[in-house]
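Because only heavy atoms are used, hydrogens play no part in the values below, and waters and symmetry mates are left out as well, while side chains stay in. Proteins get letters first, then strands, A, B, ... in listed order; numbering begins at 1 in each. For clarity, every value in this text was computed on a predicted model and none was experimentally measured.
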2 protein chains.
Amino acid sequence: MTAHKVAQLDSPKPARMVREASPLDDTAGAGALKMGELSGLLGYALKRAQLKVFEDFLRTVSSLQLTPAQFSVLLLMENNPGRNQTEIANTLGILRPNFVAMLDGLESRELCVRVRSAHDRRSHNLMLTDKGRTTLARAKKLITTKHEGRLNELLGPANRDALLQMLSMLAEEF
Amino acid sequence: MTAHKVAQLDSPKPARMVREASPLDDTAGAGALKMGELSGLLGYALKRAQLKVFEDFLRTVSSLQLTPAQFSVLLLMENNPGRNQTEIANTLGILRPNFVAMLDGLESRELCVRVRSAHDRRSHNLMLTDKGRTTLARAKKLITTKHEGRLNELLGPANRDALLQMLSMLAEEF
């Protein structure tokens, strides 16, 4: 298993408390590390797979500068016009401070607007702008044809469907 | 699909630019949001499943106060005694600033020590303490019997194995 993010450990920092090692401490030698029980843990495998898939997602839509979370938010706005901020954040499981920061970013790029609700003046509804709609349409096309296309190719359509079904079961029933 | 983290949106904050909505904006009404293309995206399903599984992991070892990442680091230390900080961080794909902070925490809890390498004085090897070894043994037992046990129960052993295999394929080949 390769590291998906290479840590930069070139500049040494003094540890708070170090003791001298005997030369024997270094005899473990080079080569891949033993993963032990990690390789059989579903949570670990989920996290590694998710990071890999998100990296490919980011590369795929790099021209549009959208993260997976931003894409999800724009998609929910398109599918649920006029629903409020709380509903969209809750549905995606995004915490308020993160969601507010994300909306600030999307709004400053003119991809969406927050509209004060006429029924509840403390609440804001979310709407895509025309630019948001066009950007989302481009992103969807790239994701479907490139990103999901590559996943389909690697797994095969039957395995891909089985995987999606098991993941949804975990998300909903675990 | 239920939200796994409920955003707290009780205290209203003024948006930077708001316009008045017409009453029509609120007619979308209540009920679950339409997920649109999201429900077919593998990356979204991976993220939701991973969050659910990590939540259960945290609950399972809450008495030991270990995150999945901390558990992985302790496990690699046990399986690879005397290997250095860079190797462990790279293998797990943890970036240097996060890894240094994590080691500070683990060391202050006396679960591990950083030992200056005799061969390369800029490098630190990582070692479990006796307390670290005991804590890890307890965590492994809880994870195997409770957490992974529940996953096995939900998915069935054959599906669980197929899922693990597909996730490993994504992590290694995608």
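Closest approach of M166(A) and M166(B) over heavy atoms only: CE-CE, 3.7 Å. Minimum heavy-atom separation, L164(B) to A45(A): CD1-CB, 3.6 Å. Of all the heavy atoms in A171(B) and R48(A), the pair that sits closest is CB-CB, 3.7 Å.
A donor-acceptor pair under 3.5 Å links the side-chain atoms of E148(B) to the main chain of L42(A), judged by distance alone. Although no hydrogens or angles enter the test, the distance criterion places a donor-acceptor pair under 3.5 Å between the side chain of N80(B) and the main chain of K34(A).
The number of heavy atoms from other shown groups lying within 6.0 Å of CZ (R138(B)) does not exceed 12. Atom NZ of K131(A) has more than 12 heavy atoms from other residues, nucleotides or ligands within 6.0 Å.
Each of G40(B), A162(B), P68(B), G36(B) has some count of heavy-atom pairs under 4.5 Å with chain A, and the biggest count is that of G40(B). Among L151(B), L155(B), I88(B), L76(B), the residue making the largest number of heavy-atom pairs under 4.5 Å with chain A is L151(B). For the set D161(A), T144(A), L170(A), the count of heavy-atom pairs under 4.5 angstrom toward chain B peaks at L170(A). Of the listed residues N159(A), N98(A), L41(A), the one with more heavy-atom pairs under 4.5 angstrom with chain B than any other is L41(A). Interface summary for chain B: among A69(A), P97(A), G43(A), the most heavy-atom pairs under 4.5 angstrom belong to G43(A). Contact tally against chain B (heavy-atom pairs below 4.5 Å) for E173(A), E78(A), H147(A), K140(A): the top residue is K140(A).
Here OG of S72(B) is found 11.0 Å from CD of E37(A). Values are rounded to the nearest 0.5 Å.
With a 4.5 angstrom heavy-atom cutoff, I143(A) touches chain B only via side-chain atoms. Only the side chain of L75(A) has a heavy atom closer than 4.5 Å to any heavy atom of chain B. For S39(B), the part lying near chain A is the backbone, with the side chain staying farther off; criterion is any non-hydrogen pair under 4.5 Å. F54(B) touches chain A through its side chain: at least one heavy atom from C-beta onward sits under 4.5 Å away, while N, CA, C and O do not.
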Problem - Full working for side-chain contact (heavy atoms from CB on, under 4.5 Å) between L33(A) and N90(B) - result: CA-CA 10 Å; L33(A) 269 63; N90(B) 286 358; over 6 Å; no
